[in-house]
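Letters A, B, ... mirror the listed sequences (proteins, then strands); counts begin at 1. Values reported hereafter were calculated over all heavy atoms of this structure, with side chains retained and with hydrogens, waters and symmetry mates removed.
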Amino acid sequence: MRVSKLVARTLREDPKDAPLRSHNLLLRGGYILQVSTGIYTLMPLAKRITTKIERIIREEMNRIDGQEITMPVVMPRELWEEAGRYEGVGPEMLRFRDRNGNDMLLGMTHEEPVVQAARAHITSYRQLPVMMYQIQTKFRDEARSRGGLIRVREFTMKDAYSFHTTSEDMVEYYNRCHAAYARIFRRAGLKNFIDVESDTGMMGGGMSHEFMFLTDVGEDTLFICDKCHYRANREVARFAFGAASADAERPLEKVATPGHKTIEEVSTFLGVTAADTAKAVLYVHNKTNLVFVLIRGDFEVNETKLAKILGKGELRAAQDDEIRALGAVPGYASPVGLDVSRFTLLIDETILRSKNLVTGANEEGFHVKNFNAGRDLKGGKTVEIATPREGDACCECGAPLRVSRGIEIGNIFQLGTKYSAPMRCEFLDADGKSRPMIMGCYGIGVGRLLASVIEEHNDDYGPIWPMSIAPYEVHVCVLDPVKGGVGEVAARLVGELEAAGVEVLVDDRNEKAGVQFADADLFGVPLRLILSPRNLAQGMVEFKLRGQKGSEMWPVDEVPARLSEVIAREKASYLD
RNA sequence: CGGGGCGUAGCGCAGCCUGGUAGCGCGUUCGGUUCGGGACCGAAAGGCCGGAGGUUCAAACCCUCUCGCCCCGACCA
């Protein structure tokens with residue numbers, strides 16, 4: 001390919017609105033073009049990279065017996081009603097009508113059609129297990145897309161679905177897929193990633209893991225134990241509680257706290273710590289059910305955990321009038337003295353471990369001291385819905401947890417029969433009995449992976465693509481092509497390399513060296529050859545690795561052989 | 001959905017407060033001189049000032065409404 005014909009305009013000036021390194025470089029190098037919020041065109045360089053990433057994904061999926069299919073982007077409402085998800089999924093699913101007035105939707109994930117396919121084609125245990133996957137466009141109408149390709153609305157995703165006769169078989173396959181994912185990311189050149197336990201979210205089902213690329217610009221918060229390697233997304237992270245307080249329970253005592261409502265105000269006013277208080281957090285679940293959460297003042301409620309406990313439905317913070325309707329007073333609320341049958345009372349484990357806490361008196365301007373849940377509350381359900389904090393003890397080994405940020409580049413779920421049962425995707429077992437298939441599902445965001453690779457591999461001048469996914473293998477700069485026959489030598493050399501199967505990007509423009517080098521840096525091709533009258537007069541060509549300072553001089557006629565050697569070496573370093 | 005900000009030439013921006021025939025840098029085109037880290041000189045092309053309505057003799061500029069985009073948060077994976 002010639003740079004003069006490459007559809008990729010590089011930018012000298014910093015694009016605005018692109019604080020993320022990957023976003024910035026993708027724009028400056030002409031890799032992507034925004035069409036709308038969270039919707040991008042991938043220009044030729046980016047397309048070549050994603051094609052290579054997809055090739056790696058295909059190889060690894062095929063290696064674990066995957067079969068590639070393509071499912072539709074547009075689906076009818078009826079299909080999604082079969083598993084009960086049409087109503088369950090929120091506005092992130094784009095819905096519309098076709099010309100006949102049928103309710104349609106844009107696929108954001110493909111459990112329904114893949115289950116339909118399995119149901120239609122698989123009837124016997126003899127045919128199982130099976131895995132089908134696709135690499136295809138998804139649309140999620142994100143409330144807020146951001147960061148270039150990191151978080152978009154339309155994106156290409158590899159999604160895979162496996163079907164099994166037993167949970168054991170599914171779990172075994174889940175582990176194979178787990179290993180395949182690690183290979184995919186390593187082959188794509190990514191090093192700094194881990195897997196974490198995660199929430200299953202709208203997918204539902206049992207255990208799930210997310211593969212996270214660790215970076216400060218990540219939008220997920222992860223808790224990591226460096227001692228036992230427990231690691232989990234904030235949404236599911238657990239931690240070990242300290243020993244229960246052995247203090248003697250003192251009698252309840254009402255104290256005046258005029259104008260002091262927040263935990264910080266109350267604890268400061270009374271001269272205690274936030275950990276000596278019990279915080280009331282009120283929610284409304286499914287529009288009518290009031291949920292009263294009591295948690296120690298120094299912790300925050302993890303709403304993902306809360307939603308899981310409450311089950312399906314909408315969850316929002318309660319309004320003041322709804323709180324008053326229970327007889328509680330906003331800012332001075334607690335379950336003490338309230339009719340517990342009128343709401344759902346959830347008591348976090350942190351409360352039960354503590355004694356003599358300060359909590360609301362349900363009276364304007366008053367709190368009570370020496371609240372002890374075991375003594376002062378009747379009813380209520382004990383739960384663990386506190387979000388861990390940095391330094392809290394690991395739930396497995398007790399060592400302090402470390403916090404890190406990450407970008408989710410892949411996830412794997414143990415779905416079980418969440419979709420196969422309602423959709424009657426069944427097989428006949430050896431006893432002739434009909435049973436729902438046990439499923440797993442596995443996703444990788446291709447664009448996110450690309451963006452993550454840049455985040456990991458770049459310098460001030462541009463991306464430094466790993467050879468395994470680089471848009472081209474070698475970038476040939478031809479300085480002063482009209483002088484000293486440089487252009488002719490370049491053409492001959494490029495022809496020779498291309499004939500040998502090398503992917504060459506050649507800068508055939510009559511541009512100054514600085515311009516060519518700057519663009520070459522933005523294109524990030526890992527190997528570079530520089531042809532100039534100066535070098536060629538000595539019969540030499542300069543060879544350079546992108547991102548490294550030094551360079552070597554190679555005799556012209558040795559270039560093809562030496563280059564293929566380097567390419568082979570580079571490629572091998574990304575093989576798993 | 002809440003908070004903040006921005007829409008003026010392909011890109012980055014000034015002009016708006018204080019209304020009076022639209023400007024700068026980069027890029028692009030043509031001619032010339034240069035030629036190893038974003039050269040220089042000269043000429044030129046390119047804008048319904050996001051859209052609609054209003055105020056005014058006159059609106060990029062003032063007012064109202066709308067659409068789009070960015071950042072932070074909420075939400076989601």
Side-chain angles (χ1 to χ4, degrees), chain A residues 7 9-20 23-24 27-28 30 33-40 88-93 108-109 138-148 150-153 155 157 159 196 198-204 208-212 217-220 233-236 300 303-304 307 314-317 406-413 441-445 447-448 460-462 477-484 486 507 509-522 528-537 540-542 544 549 551 553:
Chain A
V7 188
R9 180 180 43 209
T10 55
L11 303 175
R12 284 194 189 188
E13 295 175 85
D14 238 21
K16 61 167 185 176
D17 303 329
L20 283 196
H23 190 190
N24 185 289
L27 288 172
R28 281 213 289 152
L33 184 70
Q34 181 166 356
V35 175
S36 178
T37 301
I39 302 179
Y40 290 86
V89 176
E92 61 270 24
M93 183 159 76
M108 47 192 294
T109 174
K138 300 261 185 293
F139 190 90
R140 291 181 192 172
D141 200 356
E142 293 283 350
R144 187 183 157 209
S145 53
R146 67 195 94 171
I150 299 284
R151 186 181 181 79
V152 291
R153 295 196 294 168
F155 56 101
M157 184 173 178
D159 47 324
V196 302
S198 67
D199 179 56
T200 51
M202 72 168 175
M203 296 302 197
S208 74
H209 285 89
E210 287 170 347
F211 284 83
M212 309 293 309
V217 302
E219 46 187 4
D220 290 273
N233 195 312
R234 179 172 60 179
E235 292 163 346
V236 297
E300 295 300 323
E303 294 186 1
T304 305
E314 178 211 22
L315 183 69
R316 62 170 171 82
I407 295 170
E408 180 190 348
I409 47 176
N411 53 41
I412 53 178
F413 294 92
C441 82
Y442 321 90
I444 291 178
R448 244 186 209 187
D460 289 343
Y461 306 103
C477 290
V478 187
L479 307 183
D480 237 345
V482 288
K483 249 196 206 162
V486 176
D507 197 337
R509 301 170 303 171
N510 191 11
E511 288 287 358
K512 300 196 58 163
V515 174
Q516 288 202 11
F517 293 158
D519 283 348
D521 289 341
L522 282 170
R528 187 176 307 174
L529 292 174
I530 302 157
L531 276 66
S532 69
R534 197 178 78 190
N535 295 342
L536 237 39
M540 300 300 248
V541 172
E542 184 177 342
K544 190 176 182 307
K549 279 225 169 71
S551 64
M553 299 302 285

- With a 4.5 Å limit on heavy-atom distance, are the side chains of A/Ile412 and A/Phe211 in contact? yes
- Starting at atom CD of A/Gln34, determine the distance to atom P of B/rC11, rounded to an integer number of angstrom. 12 Å
- Checking B/rG12, B/rC70, B/rA77 against the side chain of A/Arg448 (C-beta onward), the nearest is B/rA77
- Task: Sticking with atom P, work out how far B/rU28 lies from B/rG68, rounded to a whole angstrom.
- Result: 34 Å
- Assigned partner base of B/rG46, Watson-Crick or wobble definition, under 3.5 Å: none
- Message: With a 3.5 Å limit on both atom pairs, tell me what B/rU55 is paired to, counting Watson-Crick and G-U wobble, or say none.
- Response: none
- Remember a base hit wins even if backbone is also touched, and classify A/Arg144 as base, sugar-phosphate or nothing at under 4.0 Å, heavy atoms. base
- Query: Between A/Ser532 (side chain) and A/Asn535 (backbone), is there a donor-acceptor pair under 3.5 Å?
  - Reply: yes
- Message: Say we look at B/rU64 and B/rG25: how far apart would their C1' atoms be, to the nearest angstrom?
- Response: 35 Å
- Task: Scan A/Gly410 against the nucleic acid and name what it touches under 4.0 Å (heavy atoms): base, sugar-phosphate only, or nothing.
- Result: nothing
- Note on the structure: Per-nucleotide protein contact along nucleotides 31-40 of chain B, 5' to 3', at a 4.0 Å heavy-atom cut-off (B base, S sugar-phosphate only, - neither), is ----BBBBB-
- Between P of B/rA77 and CD1 of A/Ile409, the distance in whole Å: 19 Å
- Query: B/rG53 and B/rA43: how far apart are their P atoms, nearest whole angstrom?
  - Reply: 41 Å
- With both distances under 3.5 angstrom, what nucleotide forms a Watson-Crick or G-U wobble pair with B/rA39? B/rU33
- Query: How far does the P atom of B/rC13 sit from the matching atom of B/rU8, given to the nearest Å?
  - Reply: 9 Å
- If you measure from the C1' atom in B/rC40 to the same atom in B/rU34, how many Å do you get, rounded? 7 Å
- Task: Starting at atom CZ of A/Phe413, determine the distance to atom P of B/rC76, rounded to an integer number of angstrom.
- Result: 14 Å
- Query: Which residue lies toward the 5' end of RNA chain B, A/Glu235 or A/Pro15, if each is placed at its nearest nucleotide?
  - Reply: A/Pro15
- Message: A side-chain contact here means heavy atoms from C-beta on lying under 4.5 Å apart; do A/Asn24 and A/Pro15 qualify?
- Response: yes
- Message: Run the side chain to side chain contact (heavy atoms under 4.5 Å, CB included) test against A/Leu33 and tell me which residues pass, sequence neighbours left out.
- Response: A/Thr41
- Query: Partner of B/rG73 by Watson-Crick or G-U wobble geometry, both contacts under 3.5 Å, or none?
  - Reply: B/rC1
- Task: Mind calculating the distance between CE (A/Met93) and P (B/rA77) to the nearest angstrom?
- Result: 13 Å
- Task: Return the value, rounded to whole Å, for the distance between atom CZ of A/Arg9 and atom C1' of B/rG27.
- Result: 8 Å
- A/Arg151 side chain: which of B/rG12, B/rC76, B/rC70 is closest? B/rC76
- Message: Determine whether a donor-acceptor pair (N or O, by modelled atom type, separation under 3.5 Å) exists between the side chain of A/Glu210 and the backbone of A/Asn233.
- Response: no
- Note on the structure: A/Glu303 atom CD is separated from B/rA77 atom P, nearest whole Å, by 13 Å
- Query: Is the side chain of A/Thr10 donor-acceptor paired with the backbone N or O of A/Arg28 at a distance under 3.5 Å, no angle test?
  - Reply: no
- Judged by nearest nucleotide, the residue sitting upstream toward the 5' end of RNA chain B, A/Asn233 or A/Ser145, is A/Ser145
- For B/rG68, which nucleotide in any strand shown is its Watson-Crick or wobble partner with both distances under 3.5 Å? B/rC6
- Message: Tell me the interatomic distance from A/Asp14, atom CG, to B/rG27, atom C1', rounded to whole angstroms.
- Response: 16 Å
- Note on the structure: Test side-chain contact (heavy atoms from CB on, under 4.5 Å), reference A/Phe139, set A/Met93, A/Glu92, A/Arg153, output is A/Arg153
- Message: Taking the basic N atoms (NZ, or NE/NH1/NH2) and the acidic carboxylate oxygens, is any pair closer than 4.0 Å for A/Arg234 and A/Asp220?
- Response: no
- Message: Only pairs with both distances under 3.5 Å count, Watson-Crick or wobble alike; so what is the partner of B/rU21 in this structure?
- Response: none
- Tell me: CG of A/Leu20 to C1' of B/rC70, nearest whole Å? 12 Å
- Say you pick atom C1' in B/rA39 and the same atom in B/rA77; how far apart are they, in whole Å? 50 Å
- Task: Mark yes or no for whether A/Arg448, through its side chain, and A/Ile407, through its backbone, hold a donor-acceptor pair below 3.5 Å.
- Result: no
